[in-house]
A.B. asks: 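I am attaching a structure below and will ask some questions about it afterwards.
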Amino acid sequence: MEWSSDSAAVRRHRGAAERREGPAAAPHREREASAQEDASGGGRTRKGSPESGGASRRGAGTALSEARTVLSLALYLLALRALVQLSLQRLVLSRTSGFQGEFDARQARDYLEHITAIGPRTTGSAENEILTVQYLLEQIKLIERQSSSLHGISVDIQRPTGSFSIDFLGGFTSYYDNITNVVVKLEPRSGAQHAVLANCHFDSVANSPGASDDAVSCAVMLEVLRRMSVSSEPLQHAVVFLFNGAEENVLQASHGFITQHPWASLIRAFINLEAAGVGGKELVFQTGPENPWLVQAYVSAAKHPFASVVAQEVFQSGIIPSDTDFRIYRDFGNIPGIDLAFIENGYIYHTKYDTADRILIDSIQRAGDNILAVLKYLATSDMLASSSEYRHGNVVFFDVFGLFVIAYPSRVGTIINCMAVMAVVLYLGKKLLQPKHRNADYTRDFLCGLAITFISWFTSLVTVLIIAVFVSLIGQSLSWYNHFYVAVCLYGTATVAKIILIHTLAKRFYYVNVSNQYLGEVFFDTSLFVHCAFLVVLTYQGFCSAFTSAIWVAFPLFTKLFVYKDFKKHGAQGRFIALYLLGMFIPYLYGLYLIWAVFEMFTPILGRSGSEIPPDVVLASILAVCVMILSSYFIKFIYLVKSTKKTMLTLTLVCAVTLLLVCGGAFFPYSSNPASPKPKRVFLQHMSRTFHNLEGNVVKKDSGIWINGFDYTGMSHITPHIPEINDTIRAHCEENAPLCGFPWYLPVHFLIRKNWYLPAPEVSPRNPAHFRLLSKEKTPWGSIKLTFEATGPSHMSFYVRTHKGSTLSQWSLGNGIPVTSRGGDYFVFYSHGLQASAWQFWIEVQVSEEQPEGMVTVAIAAHYLSGEDKRSSQLDALKEKFPDWTFPSAWVCTYSLFVF
């Protein structure tokens with residue numbers, strides 16, 4: 001049987017011509033066609049055609065073994081994954097702990113254990129404001145006594161009061177009163193006019209010891225302070241160590257420092273130490289803005305680098321529901337900095353499992369080595385004094401498997417990206433822009449190859465989304481949360497199988513009798529073009545992370561040019577596979593490195609992303625995109641192998657079996673395994689609500705335990721253990737009240753719309769909240785000014801909703817301009833330290849049309865996060881019923897609503 005590369009129409013035309021001209025003309029035409037194919041560098045070839053040339057005939061007639069090819073690719077990816085895992089597990093490159101002048105992780109661990117032994121440290125609690133502050137001051141005084149005569153140490157306790165607005169979580173306003181900052185300045189004995197800031201926070205969220213977030217950073221900073229203070233090396237600039245006591249209150253303490261402290265005017269750069277996980281490597285995930293010299297300082301000084309501009313652009317896009325003090329120093333202080341955070345094991349972040357024993361000594365050592373080295377570098381740098389002069393452009397930076405960091409200005413990155421694009425243009429242009437009689441087949445097949453590739457990607461994405469939606473609808477969401485391999489077996493295999501299916505159908509029914517070797521060339525070129533297109537788009541949009549696409553363009557193109565002659569001469573043999581995979585080593589290894597970071601960050605987040613976002617849909621989409629990227633340069637093997645039947649059958653079987661097991665509930669999402677817990681997060685608020693009408697009379701009063709599950713599964717897994725928590729007690733929205741009439745601690749109502757309300761006796765805190773209207777007056781410009789006073793616990797939330805015909809024009813909070821939260825209501829987050837005065841503030845309402853129901857509804861919620869008022873017997877009893885694979889965070893609160 002003869003293999004023909006021509007379309008059906010061409011074959012019919014050629015057959016008719018041969019019958020008219022006779023058999024003598026056919027050999028001449030075939031030799032002529034063969035000569036054209038050889039001149040063009042190889043086009044479509046006919047298997048077994050005597051005139052197609054010996055080399056082309058051998059290449060065209062060779063097909064790879066399916067089993068060997070699949071095994072080779074699988075082992076290749078597994079080997080690369082093992083290398084990535086090896087680089088991630090190696091936390092320190094060399095051990096220096098204990099040497100003179102070096103960071104001592106053992107001492108830092110001692111600090112950490114003392115801080116976490118105090119217990120949860122919410123702002124306003126005695127644990128945070130007294131015990132932790134006392135411990136810090138004791139250690140700082142001890143360090144001061146041991147310090148070198150070359151250095152001077154100054155200590156200040158700041159208790160700031162202030163207010164600001166922020167667009168985090170849809171937008172809200174924050175007010176703080178008498179919170180605590182412990183500030184230490186290490187400087188040359190003669191003083192300094194410039195300083196670098198190191199920032200951590202010693203407060204924690206309620207009910208969590210907060211070892212990683214952020215006690216370990218404060219422990220590291222104490223040891224860095226100790227090491228720098230005894231050093232015989234003189235400093236050129238000061239180093240300010242800020243131990244802030246109200247970061248978990250949405251960045252309040254850092255705002256108080258940078259806007260009010262006298263030392264803030266000295267700060268020229270900062271390093272912020274944070275956590276989004278527990279232990280592992282601390283990742284540099286934000287820098288700048290527009291200060292390449294800071295990245296260069298980290299590159300030059302850090303002993304165990306781990307940094308990525310990709311993480312920076314992902315974080316700053318807002319898709320991760322988190323923020324750090326970096327924003328405050330950047331936006332309110334106009335200061336450049338470096339943001340670092342532990343990112344591993346985010347499953348236990350902000351839970352009771354965030355304990356000191358889970359943080360490896362090597363994690364502390366590497367963080368300490370890096371911070372100490374970078375601070376020393378900055379404190380002796382000439383650039384620090386005139387840092388504003390070096391503010392020009394962004395920088396591309398990324399570490400190479402934790403060994404070193406590559407960094408260069410974004411304008412240089414643009415040049416490199418353009419060079420890679422030009423190389424692809426020349427490579428493909430040589431094929432696409434040849435005379436029509438020589439490239440008609442290639443151009444058509446290239447465009448069809450693009451279409452087939454996009455069809456395979458689109459259909460595979462649709463397939464996994466259908467599976468994900470189905471899994472979500474039957475109530476088996478998050479089945480992979482405790483077993484990530486389930487996601488790979490379910491969504492990963494479905495994506496691969498669908499891609500292979502589409503290309504196999506194209507190979508069988510469209511590319512009929514076309515050379516395998518030729519098709520391998522075409523689909524390599526289509527993949528190269530797609531990556532090049534992404535490179536162009538990312539570069540045009542100004543993304544520094546475009547370097548990743550450049551890697552996926554430059555190395556494959558070089559590999560293609562390197563193995564091309566061998567491929568043409570010997571065809572797709574074992575030697576070609578080995579050389580091809582070797583050439584793809586860098587892009588695939590780095591791709592897997594980034595993919596690990598993506599799933600390490602996003603998988604735990606999907607367990608606390610609220611009730612409205614189907615996590616399976618998100619994870620399936622991410623996994624499908626990752627498979628598309630990894631498979632892009634492997635598509636050619638679908639056309640080089642003899643068959644793909646066994647591969648598709650195996651992948652389909654794995655996907656089907658996994659789906660059946662998921663549907664049957666074989667994979668429970670959560671775990672209480674002490675070595676690796678993955679708890680379900682639940683908030684329990686025992687609350688009493690009181691609603692007043694326009695005349696001030698109580699129109700409604702109730703009490704109960706308000707229950708919020710922080711993931712998509714709601715209470716479906718809880719109900720079998722606690723039958724009273726079921727859908728019959730679903731909470732109903734109070735349509736006329738701001739934020740549905742519930743005491744939201746933060747404005748996350750748009751993320752969690754499914755809540756439960758279990759009736760319970762009224763709560764009676766010893767320190768009840770009081771709220772009253774001090775005055776109501778009409779301003780000269782026609783608005784109504786309402787002045788309020790509130791007293792209560794350390795944390796309160798104030799909500800405002802204007803009625804029809806009324807608008808909130810200004811208030812005494814933030815910068816004076818009211819900021820709405822998601823949904824149109826106004827949200828104010830309030831906190832105070834110890835011995836705070838009554839909170840007095842005013843709002844102005846502009847009334848264009850008076851309404852019988854009044855002009856504005858306000859409500860105030862008081863949250864008791866510490867002390868005796870935090871607990872109730874009913875709350876304790878309900879907590880005891882929750883299974884050990886949950887983390888119920890509970891507190892008491894009150895809610896009062898008023899109409900004016």
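Side-chain atoms are counted along with the backbone in the values below, which use heavy atoms only and exclude waters and symmetry mates.
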A.B. asks: Please determine whether a side-chain nitrogen of the Lys or Arg among E66 and K645 lies less than 4.0 Å from a carboxylate oxygen of the Asp or Glu.
C.D. replies: no
A.B. asks: For the side chain of S87 and the backbone of V84, is there at least one donor-acceptor N/O pair under 3.5 Å apart?
C.D. replies: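 Looks like yes, one N/O pair under 3.5 Å.
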A.B. asks: Before you tell me yes or no, could you show the steps for Y712 and S472 under side-chain contact (heavy atoms from CB on, under 4.5 Å), namely the whole-Å CA-CA distance, both residues' side-chain angles and the distance that decides it to 0.1 Å?
C.D. replies: CA-CA 9 Å; Y712 191 75; S472 301; 4.0 Å; yes
A.B. asks: So, do F668 and Y670 have ring centers that fall under 6.0 Å from each other?
C.D. replies: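 Yes, the ring centres sit under 6.0 Å apart.
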A.B. asks: Atom CZ in R81, atom OH in Y76: separation rounded to 0.5 Å?
C.D. replies: 15.0 Å
A.B. asks: Is there a side-chain contact (heavy atoms from CB on, under 4.5 Å) between K642 and L64 once you walk through the steps?
C.D. replies: CA-CA 6 Å; K642 296 177 182 177; L64 295 174; over 6 Å; no
A.B. asks: Counting the benzene-type ring for Trp, do F667 and W480 have ring centres under 6.0 Å apart?
C.D. replies: no
A.B. asks: Per the salt bridge (charged side-chain N to carboxylate O under 4.0 Å, His left out) rule, which among K680, K754, R681, R608 passes with D711?
C.D. replies: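 For D711, the salt bridge (charged side-chain N to carboxylate O under 4.0 Å, His left out) check succeeds only for K680.
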A.B. asks: Determine whether a donor-acceptor pair (N or O, by modelled atom type, separation under 3.5 Å) exists between the side chain of N345 and the backbone of G277.
C.D. replies: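 A pair under 3.5 Å: no.
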A.B. asks: Answer yes or no: is the gap between the SG atoms of C489 and C655 smaller than 2.5 Å?
C.D. replies: no
A.B. asks: Should F585 and F555 be marked as a side-chain contact (heavy atoms from CB on, under 4.5 Å) after you check the CA-CA gap, both sets of side-chain angles, and the distance that decides it?
C.D. replies: CA-CA 9 Å; F585 178 80; F555 284 93; over 6 Å; no
A.B. asks: Do you know which two heavy atoms are closest between L594 and S308, and how far apart they sit?
C.D. replies: CD2-OG, 4.3 Å
A.B. asks: Can you tell me if S460 uses its side chain to pair, donor with acceptor, with the backbone of I499 under 3.5 Å?
C.D. replies: no
A.B. asks: Compare all side-chain heavy atoms of L528 with those of Y633 and state whether any distance is below 4.5 angstrom.
C.D. replies: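 Yes, side chains in contact.
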A.B. asks: Check the surroundings of atom CZ in F558: do more than 12 heavy atoms from other residues, nucleotides or ligands lie under 6.0 Å from it?
C.D. replies: no
A.B. asks: When you compare the side chain of D445 with that of Y518, does any pair of heavy atoms fall below 4.5 Å?
C.D. replies: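 Yes, side chains in contact.
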A.B. asks: So do the side chains of F634 and L581 get within less than 4.5 Å of each other, counting heavy atoms only?
C.D. replies: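 Yes, their side chains come closer than 4.5 Å.
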A.B. asks: Would you confirm whether the ring centroid of F398 sits within less than 6.0 angstrom of the ring centroid of Y590?
C.D. replies: yes
A.B. asks: Between F543 and F534, is the ring centre distance below 6.0 Å?
C.D. replies: no
A.B. asks: Report the distance from atom CD1 of I586 to atom CD1 of I551, rounding to the nearest 0.5 Å.
C.D. replies: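 That separation rounds to 8.0 Å.
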A.B. asks: Do you see a donor-acceptor pair shorter than 3.5 Å between the side chains of S671 and N673?
C.D. replies: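 Side-chain D/A pair, S671 to N673: absent.
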A.B. asks: Would you check if D399 and Y593 make a side-chain contact, meaning some heavy-atom pair closer than 4.5 Å?
C.D. replies: yes
A.B. asks: When the aromatic ring centroids of F529 and F446 are compared, is their separation below 6.0 Å?
C.D. replies: yes
A.B. asks: Would you compute the distance between atom CG of L71 and atom OG1 of T647 and round it to the nearest 0.5 angstrom?
C.D. replies: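 It comes to 10.5 Å.
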A.B. asks: Do you know which two heavy atoms are closest between S609 and I613, and how far apart they sit?
C.D. replies: O-CD1, 3.9 Å
A.B. asks: I want to check something: taking the side chain as every heavy atom from C-beta on, are L340 and E274 in contact at a cut-off of under 4.5 Å?
C.D. replies: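 Answer no - side chains too far apart.
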A.B. asks: Is it true that a side-chain atom of T886 and a backbone atom of P883 form a donor plus acceptor pair closer than 3.5 Å?
C.D. replies: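 Here the side-chain-to-backbone pair exists.
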A.B. asks: Which heavy atom of I452 sits nearest to which heavy atom of A506, and what is that distance?
C.D. replies: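 Heavy atoms only, the tightest pair is CD1-CB, 3.6 Å.
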A.B. asks: Scan F683, F742, W756 and name whichever one has a ring-ring contact (aromatic ring centres under 6.0 Å, His included) with W706.
C.D. replies: F742
A.B. asks: What is the minimum heavy-atom distance between V662 and Q476, and which atoms define it?
C.D. replies: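 Scanning both residues completely, I find the closest heavy atoms to be O-CG, 3.3 Å.
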A.B. asks: If you compare all heavy atoms of P677 against all heavy atoms of I348, which two are closest, and at what distance to 0.1 Å?
C.D. replies: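 The answer is O-CG2, 3.4 Å.
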A.B. asks: May I ask you to decide if I705's main-chain N or O and Q685's side chain share a donor-acceptor pair within less than 3.5 Å?
C.D. replies: no
A.B. asks: Do the non-hydrogen side-chain atoms of F342 and Y349 ever get within less than 4.5 Å of each other?
C.D. replies: no
A.B. asks: Take atom CZ in F470; do more than 12 heavy atoms of anything else shown fall under 6.0 Å from it?
C.D. replies: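 No, CZ of F470 has 12 or fewer neighbouring heavy atoms, counting only those of other groups under 6.0 Å.
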A.B. asks: What is the distance from atom NE2 of H721 to atom CG of D884, rounded to the nearest 0.5 Å?
C.D. replies: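 Going from NE2 on H721 over to CG on D884, the span is 9.0 Å.
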A.B. asks: Give the C-alpha distance, both sets of side-chain angles, the deciding distance and a yes or no for side-chain hydrogen bond (donor to acceptor under 3.5 Å, both in side chains) between Y511 and N516.
C.D. replies: CA-CA 9 Å; Y511 295 110; N516 295 350; over 6 Å; no
A.B. asks: Is it true that the side chains of S545 and E313 contain a donor and an acceptor less than 3.5 Å apart?
C.D. replies: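 Note: S545 and E313 side chains meet the donor-acceptor criterion.
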A.B. asks: Would you say E344 and V278 make side-chain contact, with heavy atoms under 4.5 Å?
C.D. replies: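 E344 vs V278: side chains apart.
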A.B. asks: For N417, does its backbone N or O pair with a side-chain atom of T539 as donor and acceptor, under 3.5 Å?
C.D. replies: no
A.B. asks: Side chains of T719 and N726: is there a donor and an acceptor less than 3.5 Å apart?
C.D. replies: no
A.B. asks: Say you draw a straight line from SG of C663 to CD1 of I474; how long is it, rounded to the nearest 0.5 Å?
C.D. replies: 3.5 Å
A.B. asks: Please give me the minimum heavy-atom distance between L535 and A420, naming the atom from each residue.
C.D. replies: CD2-CB, 4.0 Å
A.B. asks: Consider only side-chain N and O atoms of K498 and T463, and report whether a donor and an acceptor are under 3.5 Å apart.
C.D. replies: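 Per modelled atom types, K498 and T463 side chains form a pair under 3.5 Å.
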A.B. asks: Centres of the F523 and H503 rings: under 6.0 Å?
C.D. replies: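 Centroid separation for F523 and H503: below 6.0 Å.
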A.B. asks: Does atom CZ of R730 have more than 12 heavy-atom neighbours, drawn from other residues, nucleotides or ligands, at distances under 6.0 Å?
C.D. replies: yes
A.B. asks: Distance alone, cut at 3.5 Å: any donor-acceptor contact between the side chains of T351 and S208?
C.D. replies: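 S208 and T351 do not have a side-chain donor-acceptor pair below 3.5 Å.
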A.B. asks: Would you check if the side chain of R358 reaches a backbone N or O of Y353 as a donor-acceptor pair within less than 3.5 Å?
C.D. replies: yes
A.B. asks: Say you draw a straight line from CG of L592 to CG of L78; how long is it, rounded to the nearest 0.5 Å?
C.D. replies: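 Rounded to the nearest 0.5 Å, the CG-CG separation comes out at 9.5 Å.
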A.B. asks: Let me see the working for F315 and L283 under side-chain contact (heavy atoms from CB on, under 4.5 Å), right down to the final yes or no.
C.D. replies: CA-CA 12 Å; F315 188 84; L283 171 68; over 6 Å; no
A.B. asks: Determine whether a donor-acceptor pair (N or O, by modelled atom type, separation under 3.5 Å) exists between the side chain of T495 and the backbone of A624.
C.D. replies: no
A.B. asks: Between W552 and Y588 (judged by ring centroids, cut-off 6.0 Å), do the two rings come close enough to count as a pair?
C.D. replies: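 Close enough - the centres of the two rings lie under 6.0 Å apart.
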A.B. asks: For a 4.5 angstrom cut-off between non-hydrogen side-chain atoms, does C740 reach H749?
C.D. replies: no
A.B. asks: Determine, for Y580 and K636, whether the Lys NZ or Arg CZ falls below 6.0 Å from the six-membered ring centre while staying within 45 degrees of the axis.
C.D. replies: yes
A.B. asks: Kindly determine whether Y491 and D616 satisfy side-chain hydrogen bond (donor to acceptor under 3.5 Å, both in side chains), including the steps that lead there.
C.D. replies: CA-CA 9 Å; Y491 302 122; D616 276 69; 2.6 Å; yes
